[in-house]
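Below: the structure, in structure tokens.
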Amino acid sequence: MKQLFNCKVVGAANLLLAAIFSIIILHVASKEPALDFEDASTFGAQTTTVYEDSIHCKDVRDIEACVVNIKPDKDTFIWFGNSQLHAINQYKGGEKNSTYYLAKLLPFNNLRTFSQPNGNLQEHLVLFEYLQSRVNVKTLILPVVFDDMREAGLRSEIAALLKSTNQNSLFSESEIGQHLISNNKNLNGGEGDLAGLDGSFQERVEAKLNKYLTEKIAIWSARPQLRGEIYDAMYKIRNLVFNVKPTSKRKKIIGRYNLNLKALEQILIEANEYKIRVVLYIAPIKNNNGEMPYIQNEYMDFKRDVLELSKKYKTEYYDFENLIPDEEWGLKDSTTGLNASEVDFMHFKSNGHQRLAKKIASIVKD
Amino acid sequence: MIFNSLAYILFLIIFVASYWLLPKGISRLLLILVFSSIFYGFWRPEFLLIMALSTSLDYFIALRIEKTSNPKSRNILLGISLAGNLSVLLYFKYLYFLIDNSTYVLSIFGFHPDIRLPIIILPLGISFYTFEAISYVVDVYRKIIPAEKNIARYASFILFFPKLIAGPVLRAGEMLPQLSSKNIFYSNQFISGIERILFGLFLKTVLADNIAPLVDAGFSQHPNSLSAIDVFVLAYLFGFQIYFDFAGYSNIAIGSARLIGVHIPENFNFPYVASSPREFWKRWHISLSSWIKDYVYIPLLGAKSPKTSNGAAAIDSEFDVKQSHRPYLALYLTWSIMGLWHGSSWTFLVWGIFHALLITAYRMASKISYAFPMFVRIYFGWLITMPLIMLAWIPFRAESVAYAFKLYGQLFNFRNYFWMGLRENAYIIAFDLLMAILVSYFLHELKLKRGRFPNLLLIESPIKILIYTITIVMDFIFLRPISQFIYFQF
């Protein structure tokens, strides 16, 4: 028996069988319907991403296309945010998001919305720096979300905008600007999946091989999707093991919080310098019978910090925490993938979007 | 060319097929030379010229050393070779560092020289192949090995692509005979080569590349925003990242060589189960630590040179200590060199000195520890060694010495043990990886003892198929040259 198992044939057969099983697994997995993993709010069937093509900049990689048709003689309104601006709970065909409604209410103005899932204030700062030097920005509508104060760093497509930053700008000379530039200084190398090849001859070969395989082999082209599914599965397992629920308290992460606060301050400094009106608001959050996913003291400190900054830089400050009534908030898919729908603190139904847009329109029209 | 890429897999398939199709002898050596040049040329072909020059110099000098019996001439020839190799290393790797620090020191005394240096690009793998070349000439000088007569064979040893860019640091004595022998195809060796490549890719693309963003985010934070627990967690995470990254590379190198019947010695052996700093260096980057022992530490101790040259024998930090009048000077100098070998930065020097301090402390503590039973020494030793080794990685990863010391400073404030400043996932992942390493070590030990458990043999095949399947699927999904191997920069 021992000899049998040690023989070379068994070794080769093991490897061959594993290869066959792998192909079957990959083939089956790649047949699953594709999800947009870049947009965490699209997880599950309860929450739907809706973009208004002409005014809602979905992909920052194509930022030039987003701003190219902005009329230079018109004042431009810029709205930054996270998935709250583009995700609709319990979506029914044809429903619209807040960007659409706000644009309708501001018919003679140029509105552009830039929303990224979990977009943090450091990313908003880089986007703001990029846009204010290219577009005649009149008003910046800027939600501040406690959840996003826990985020850090720049996603690669936003970090790429740093390449065009003026070295003598207020941004480049600021502490937070220097922090962001120094932490993203490897931008001249390759990007994305080929970043390790750093502009070498191999990068061209690799890109061609990749293109060829993507076109010819379905399971190869499904790889980004499969990676997303693995991360999603790990996220759900973590939630299950640690009993993470929508109501679980998200603690303040001090380092990230301070960086985001500095980024906010820098936005306000630059907006003052360039005479750009800023409409700063605390983003709506579902009041789940007073049960929030944050530690009450930390959340109150956060609101106070934002308010103090707005006072310091004489910026308009609005607290929309309770703007959206309970019935306009929706449900989202289970955090663990096992339970029924769960309360969603961040995204609302279409009528919630309408309400938010109306409120903002009433402010910016003044 | 980097291993975690499609281009390398295609390259390797063509190379291995051609190797076995060619007749035994010089044609296979030439094939290794051509493919190794292509492998290196994928990055910067112009640096092949530097390699060709230094390879030729060492080849001819080794032949002259062998022919010469006059000790003075032999010393001069050895000196020329060392000067040639070290000056190339000095120019490409340390010139900026030396000039920067010299100008800084001069500026203190009021001198402000305007030194303008050209842009110097560090050739990949220079530290590795320079050390291999030095060991070859020194071994010939010490009469441990004969000088290689065939320049194609010697060049194949230096350029051998699986280990060219990030080691292991091989010895001519163990490699040249393998390149001389008429290798025969053994299917079990071939399968084991594939296994090692799959496993290495898993370590790099699935583990190391996915830990990297957590480490990068942590080390970009202001030190004051990190608690003492965070400093430990970051140190552990980077320790895991560099281990998976480098062990991944070494596995792919070993596997690639094995496909053509060449055996490269192991470079790692579960380093994070070490129960002392001394044991750690028997398990971590074994080829470098043994090189440093043979060619730096022992000469600095003033002890007798070894009679063999074996890259698999790890550094023994207590080697011949009693024979030497300057054990601590030798120890600290060796570790300074070890640190600076990794890069021209004070951070690497601090890392080296940290390890020297650990070994010093271990030498002192070991006298007392023998009073305790073996299992206490092992488990208690591991509990102390592991966090210290991990903390030593901080200067290795930090942007500056000041940043590293600020992180260390966080450890000495008692209040910093009661809050946390990283994303929750960082703690979970660090813990999971630690558990995974321990479990895989115990499974490995169990595998070694499987003869004692005959029933295990019955399930060995299904388990292997399961592990292979998971590895193949994950490698396929995550294979992308999203980052270089960390040791490429050394």
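Chain letters run A, B, ... following the sequence lines, proteins first, then strands; residues in each count from 1. In this text the structure is predicted, and so the values were computed from the model without any measurement.
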>> Evaluate Phe11(B) against Val205(A) for side-chain contact (heavy atoms from CB on, under 4.5 Å), listing each step before the verdict.
In response: CA-CA 11 Å; Phe11(B) 167 90; Val205(A) 175; over 6 Å; no
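If you tally non-hydrogen atom pairs under 4.5 Å between each of Arg250(A), Glu151(A), Lys252(A) and chain B, the highest count goes to Glu151(A). For chain B, the option among Asn258(A), Ile253(A), Ile230(A) with the highest count of heavy-atom pairs below 4.5 Å is Ile253(A). The most heavy-atom pairs under 4.5 Å with chain A, out of Asn224(B), Leu226(B), Leu422(B), come from Leu422(B).
At a 4.5 Å heavy-atom cutoff, the contact between Phe476(B) and chain A is made by backbone and side-chain atoms alike. At a 4.5 Å heavy-atom cutoff, the contact between Leu198(B) and chain A is made by side-chain atoms alone. The part of Leu10(B) that comes within reach of chain A is its side chain, from C-beta onward, which places non-hydrogen atoms under 4.5 angstrom from that chain. At a 4.5 Å heavy-atom cutoff, the contact between Ile477(B) and chain A is made by backbone and side-chain atoms alike. Contact of Ala7(B) with chain A is made through backbone and side chain together, with heavy-atom distances under 4.5 Å.
The side-chain heavy atoms of Tyr231(A) and Asn210(B), taken from C-beta on, include a pair separated by under 4.5 Å. Counting only heavy atoms from C-beta outward, the side chains of Leu259(A) and His222(B) never approach each other to under 4.5 Å. With a 4.5 Å cut-off on side-chain heavy atoms, Arg256(A) and Arg423(B) count as touching.
We find the CZ-CZ distance between Phe42(B) and Arg204(A) to be 10.0 Å, quoted to the nearest 0.5 Å.
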